[in-house]
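Below you'll find the structure, written out as C-alpha cells, and then a few comments.
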Amino acid sequence: MVCVREIDPLVRKICELHDKISKLENLSPSKEVDFLFTRLVTTCIPPHPIDITKLCTKIQRIRNNLIRLCGKAESLLEKHYSTILISLENPVTNHLHLFPYYSNYLKLSQLEYHLLTRHLNQNSNPTRLAFVGSGPLPLTSIILATHHLKSAIFHNYDIDRSANSVAEKLVSSDPDLSERMVFHTKDIMGTSSDELRQYEVVFLAALVGMESDEKVRVIEHLSLNMADGAILVVRSAKGARAFLYPVVGPACLRGFEVLSVYHPTDDVINSVVVARKCRETSGECGLNYD
C-alpha cells in the first residue's frame with residue numbers, strides 16, 4: 001500500500017503537526033500547546049474525501065496516537081477552565097463563555113437535541129439521561145439541562161475521580177443543576193443492567209473508547225444492558241476530522257438501529273449518530289448508515 005503521506009498534502013501537514021505535538025513535554029494549556037492544536041483543528045475541519053480505512057499502517061499509527069494526544073490535551077484544557085470557573089461567582093450562569101470552545105458546544109448540543117427529538121415521543125421529553133465520559137467540564141449535560149431538557153435528571157459517568165470532583169463543584173454553584181446532576185466515578189463497563197435500564201437516553205462521549213476495539217466493547221456493553229427502545233447518541237467523525245476523534249461505523253453499532261447520522265461541515269467537529277436499542281424479540285436491526 002502506498003503511504004498517502006507521500007501524495008496527499010493535507011495528510012502530510014497533519015503528520016508534521018503530529019511530530020511537533022508529540023515532542024511537547026506537557027499538553028497543559030500554554031501558548032505553544034494552544035497554537036499547535038488550533039492549527040491541527042483548522043487543518044482538519046475542511047471537508048476532505050480521505051478514507052481512513054485505506055491509510056497505510058504508518059499513518060494509522062500516527063492517527064491513533066494523535067487521537068490519544070488530542071484526548072489528553074482536551075481533558076487538561078477542560079480541567080484548567082473548570083478550575084478557573086469554580087473560583088468565580090455564579091459560573092454556570094455568567095462565565096461558561098470563558099471556555100474557548102463554548103460556542104461549539106452550544107451548536108453541538110443544539111444539533112444533538114434536534115436529532116434526538118425526531119425520534120422521541122412528541123408529547124414528552126426524556127426525564128432520565130446518562131452521559132458517559134462527562135469529564136471535568138460537563139458542558140453537554142449543562143447545556144442540555146439549562147437550554148433544552150429543563151426538568152430532566154442527568155447522570156454523568158467518568159472513570160476519573162478528580163474530573164468528577166471538579167465537575168461536581170462547578171455544578172454545585174447552581175441551585176437548579178445541583179438538584180438535577182448526579183456524578184458517578186466508575187467504568188461504564190462495570191455498570192449493571194439494572195442501572196443502565198433506568199435511562200431513556202445515553203450519550204457516549206467521542207473519546208470514550210479511543211481505539212476501535214475499545215469503542216466496540218463499550219457499545220456492545222450498552223447494547224446488552226440498556227433498556228429496549230432506549231436511545232444512544234454517539235459522537236463520531238468524518239474525513240480529516242477522523243484524525244481528531246474516533247470513527248463510529250455501522251460495525252460498531254450491533255444491537256442498535258441507526259436512526260440518524262449527521263456530518264457537520266462547519267466548525268462543529270463531531271458527527272452525531274442517533275440509534276435505538278433493538279428489542280430483543282424484534283430480530284435484526286436496520287443499519288441505515290451513511
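Contact between N156 and S134 at its shortest, heavy atoms only, is CB-OG, 3.3 Å. Looking at every heavy atom in both residues, Q60 comes nearest to I52 through NE2-O, 2.6 Å. The shortest heavy-atom contact between R180 and L149 is NH1-O, 3.1 Å. The nearest pair of heavy atoms linking G133 to A205 is O-CB, 3.5 Å. V274 and H119 make their closest contact through CG1-CD2, 4.1 Å (heavy atoms, listed as atom of the first residue, atom of the second, distance). For the residue pair P175 and S178, the shortest heavy atom distance occurs at O-OG, 3.0 Å.
Note: the hydrophobic cluster containing L106 also contains L96 (ILVMFWY, side chain heavy atoms under 4.5 Å, direct or indirect links). Tracing side-chain contacts under 4.5 Å through hydrophobic residues (I, L, V, M, F, W, Y), one reaches F203 starting from L120; they form part of the same cluster. Both L36 and L76 are part of a single hydrophobic cluster, where members link through side-chain heavy atoms under 4.5 Å apart. Linking Ile, Leu, Val, Met, Phe, Trp and Tyr residues whenever their side-chain heavy atoms come within less than 4.5 Å leaves F154 and I159 in two separate clusters. Residues L111 and L139 share a hydrophobic cluster, clusters being chains of Ile/Leu/Val/Met/Phe/Trp/Tyr side chains in contact below 4.5 Å.
Side-chain contact between V201 and L116 is present, with heavy atoms from C-beta onward closer than 4.5 Å. Side-chain contact between P264 and S271 is present, with at least one heavy-atom pair separated by less than 4.5 Å. Counting only heavy atoms from C-beta outward, the side chains of S193 and L196 never approach each other to under 4.5 Å. You'll find the side chain of T127 stays beyond 4.5 Å of the side chain of I153, heavy atoms only. When side chains are defined from C-beta on, L253 counts as touching V248, because their heavy atoms get closer than 4.5 Å. Counting only heavy atoms from C-beta outward, the side chains of M189 and V218 approach each other to under 4.5 Å. Contact check for L170 versus P91: side-chain heavy atoms found under the 4.5 Å cut-off.
In this model, no donor atom of one side chain and acceptor atom of the other lie less than 3.5 Å apart for K169 and S82. There is a side-chain donor-acceptor pair under 3.5 Å between D51 and T53. Checked by atom type, the side-chain pair Y245/E74 shows a donor-acceptor distance below 3.5 Å. H147 and S109 share no side-chain donor-acceptor pair at under 3.5 Å.
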Residues V171, D174; criterion side-chain contact (heavy atoms from CB on, under 4.5 Å); working and verdict:
CA-CA 6 Å; V171 168; D174 186 280; 5.7 Å; no

Let's go through H80 and S28 carefully: what are the C-alpha distance in whole Å and the side-chain angles of both, what is the deciding distance for side chain to side chain donor-acceptor pair (under 3.5 Å) to 0.1 Å, and is it a yes or a no?
CA-CA 8 Å; H80 173 76; S28 295; over 6 Å; no

Run L40 and C44 through side-chain contact (heavy atoms from CB on, under 4.5 Å) and show every step you take.
CA-CA 6 Å; L40 177 64; C44 293; 4.1 Å; yes

Should H18 and N65 be marked as a side chain to side chain donor-acceptor pair (under 3.5 Å) after you check the CA-CA gap, both sets of side-chain angles, and the distance that decides it?
CA-CA 8 Å; H18 166 265; N65 191 48; 2.9 Å; yes

Start with the C-alpha gap between D267 and K107, add the side-chain angles, then the distance that decides, and say whether salt bridge (Lys or Arg N to Asp or Glu O under 4.0 Å) holds.
CA-CA 9 Å; D267 57 352; K107 293 177 186 177; 3.0 Å; yes

Output, in order, the C-alpha distance, side-chain angles, deciding distance and verdict of side-chain contact (heavy atoms from CB on, under 4.5 Å) for V247 and R63.
CA-CA 11 Å; V247 173; R63 173 179 170 263; 3.8 Å; yes

Derivation and outcome, side-chain contact (heavy atoms from CB on, under 4.5 Å), residues S103 and H97:
CA-CA 7 Å; S103 63; H97 66 276; over 6 Å; no

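Side-chain atoms of S223 never come within 3.5 Å of backbone atoms of G255 as a donor-acceptor pair (strictly under, hydrogens ignored). Side chain of K215 to backbone of A206: a donor-acceptor contact under 3.5 angstrom is found. Side-chain N or O atoms of S75 include none that pairs as donor or acceptor with a backbone N or O of K72 at under 3.5 Å. With hydrogens and angles disregarded, no donor-acceptor distance shorter than 3.5 Å links the side chain of S141 to the backbone of P138. A donor-acceptor contact shorter than 3.5 Å links the side chain of R241 to the backbone of V268. Listed for the R161 side chain is no donor-acceptor partner under 3.5 Å among the backbone atoms of T185. Judged by distance alone, with hydrogens and angles left aside, the side-chain atoms of E200 form a donor-acceptor pair with the main-chain N or O of R128 at under 3.5 Å. The main-chain N or O of D19 is found under 3.5 Å from a side-chain atom of S22 such that the two form a donor-acceptor pair. Not a single donor-acceptor pair under 3.5 Å links the side chain of N90 to the backbone N or O of T93. Side-chain atoms of T191 come within 3.5 Å of backbone N or O of I188 as a donor-acceptor pair.
Once rounded to the nearest 0.5 Å, the distance linking CD1 of I67 with CD1 of I62 reads 12.5 Å. Atom CG of N64 is separated from atom CD1 of I59 by 11.5 Å, given to the nearest 0.5 angstrom. Taking CZ of F35 as the start and CD1 of I21 as the end, the distance is 10.5 Å to the nearest 0.5 Å. Residue M226 holds its CE atom at 10.5 Å from CD1 of I219, rounded to the nearest 0.5 Å. Separating the SG atom in C278 from the CZ atom in F256 is a distance of 8.0 Å, to the nearest 0.5 Å. Once rounded to the nearest 0.5 Å, the distance linking CG of D158 with CZ of F183 reads 10.0 Å.
Of the charged side-chain nitrogens involved, none lies within less than 4.0 Å of a carboxylate oxygen, so that D8 and R12 do not count as a salt-bridged pair. In summary, E257 and K277 do not engage in a salt bridge, as defined by a charged side-chain N under 4.0 Å from a carboxylate O. With respect to the salt-bridge test (charged N to carboxylate O, under 4.0 angstrom), the residues R235 and E112 qualify. A salt bridge links D213 with R217: the closest approach of a Lys/Arg side-chain nitrogen to an acidic carboxylate oxygen falls below 4.0 angstrom. Salt bridge present: K186 and E195 bring a charged side-chain N and a carboxylate O closer than 4.0 Å.
Ring orientation note: the planes of Y101 and F99 are nearly perpendicular, at an angle over 60° on the 30°/60° scale.
With a 6.0 Å radius and a threshold of 12 heavy atoms from other residues, nucleotides or ligands, E32 has its CD atom at or below the threshold.
Taking the six-membered ring wherever Trp is involved, the centroid distance between the rings of H155 and F131 does not fall below 6.0 Å. The distance between the ring centers of H184 and Y157 falls below 6.0 angstrom.
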